[in-house]
Amino acid sequence: MQGCVFIKKGPDYKFRVSKPGKSVDSSDLNDFIIHEKLGTAAPYITGSAQVPAYSNVHIPFDRVYSQPALILLKPENVVAYLTQFEARIQGDMASMRIYNHTGTSRFVTYYVYWNSIGG
């Protein structure tokens, strides 16, 4: 059976869902229903941060953005629940804070997606 979903983390981030009958190993982006080069499918900002217990970290962006759509958080070796971890875009739209509401310091990977880019 051919795979239909491919996810690769890191600086060379990839997220692909192949068309029926096509392999996720294809290098032709036309073989995919969705892929990382499609507008909102591609995260504009990714990274990782150590978030201390019952604390938060500030993540500056390299520019001002508008209309944030979604922030995905993935703590290492634990399932993320909204009551435990959250991220908030700051009022200046040029940074965010990741909050850890647990008693354990966690290394968190984040992915920020946007509706549109301003500035």
Side-chain angles (χ1 to χ4, degrees):
M1 179 178 172
Q2 288 184 343
C4 61
V5 176
F6 177 74
I7 299 172
K8 179 181 174 186
K9 298 189 309 184
D12 188 27
Y13 172 84
K14 289 186 177 33
F15 175 80
R16 298 176 176 184
V17 177
S18 62
K19 292 179 179 177
K22 300 293 183 176
S23 171
V24 293
D25 298 322
S26 173
S27 60
D28 183 355
L29 293 181
N30 291 316
D31 289 344
F32 299 95
I33 296 168
I34 191 169
H35 57 78
E36 68 279 358
K37 302 292 184 198
L38 292 174
T40 57
Y44 288 99
I45 302 166
T46 65
S48 299
Q50 187 72 34
V51 186
Y54 299 116
S55 190
N56 65 78
V57 294
H58 181 256
I59 309 291
F61 305 146
D62 61 352
R63 60 183 293 182
V64 175
Y65 290 86
S66 63
Q67 302 177 6
L70 175 66
I71 302 169
L72 298 175
L73 299 176
K74 198 231 175 272
E76 191 172 82
N77 300 321
V78 67
V79 175
Y81 293 100
L82 184 57
T83 57
Q84 296 175 337
F85 300 93
E86 66 177 303
R88 295 181 196 162
I89 301 296
Q90 301 302 286
D92 62 3
M93 302 302 280
S95 64
M96 73 175 178
R97 285 197 178 274
I98 299 175
Y99 295 83
N100 179 354
H101 301 294
T102 72
T104 304
S105 180
R106 297 282 184 199
F107 187 75
V108 177
T109 301
Y110 56 88
Y111 304 88
V112 181
Y113 298 80
W114 302 88
N115 284 334
S116 63
I117 302 176

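Any value given below was found using the heavy atoms of this structure, including those in side chains, with hydrogens, waters and symmetry copies removed. The structure presented is a predicted model; accordingly, all values stated were derived computationally and were not measured.
Qualifying salt bridge (charged side-chain N to carboxylate O under 4.0 Å, His left out) partners for Asp31, counting only residues two or more places apart in sequence or in other chains: Lys22. For Arg97, there are no salt bridge (charged side-chain N to carboxylate O under 4.0 Å, His left out) partners two or more places apart in sequence or in a different chain. Under the rule for a side-chain hydrogen bond (donor to acceptor under 3.5 Å, both in side chains), the partners of Gln50 that lie at least two apart in sequence or sit in another chain are Ser105. Judged as a side chain to side chain contact (heavy atoms under 4.5 Å, CB included), and not counting sequence neighbours, the contacts of Ser48 are Phe107, Thr109. The side-chain hydrogen bond (donor to acceptor under 3.5 Å, both in side chains) search around Thr104 returns none, not counting sequence neighbours.
Side-chain contact between Leu29 and Arg16 is present, with heavy atoms from C-beta onward closer than 4.5 Å. Annotation: side chain of Met96 is not in contact with side chain of Arg88 (no heavy-atom distance under 4.5 Å). Side-chain contact between Val108 and Phe85 is present, with at least one heavy-atom pair separated by less than 4.5 Å. For the pair Ser95 and Ile89, the minimum side-chain heavy-atom distance is 4.5 Å or more.
Distance check, rounded to the nearest 0.5 Å: NE2 of His101 to OG1 of Thr83 gives 8.5 Å. Within the model, atoms CZ of Phe6 and OG of Ser26 stand 12.0 Å from one another, a figure rounded to the nearest 0.5 Å. Here the OH atom belonging to Tyr110 is positioned 7.5 Å from the CD1 atom belonging to Ile45, to the nearest 0.5 angstrom.
Side-chain heavy atoms closer than 4.5 Å link hydrophobic residues (I, L, V, M, F, W, Y) into clusters, and following such links, even through other members, never connects Ile98 to Tyr54. Hydrophobic clustering (side-chain heavy atoms under 4.5 Å, transitive across Ile, Leu, Val, Met, Phe, Trp, Tyr) keeps Tyr99 apart from Phe61.
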Test log, rule side chain to side chain donor-acceptor pair (under 3.5 Å), inputs Thr102 and Asn100: CA-CA 6 Å; Thr102 72; Asn100 179 354; 2.6 Å; yes
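Nearest heavy atoms, Ala49 versus Ile59: CB-CD1, 4.0 Å. Summarising the geometry of Ser18 relative to Ile33, their closest heavy-atom pair is O-CD1, 3.7 Å, with the distance given to 0.1 Å.
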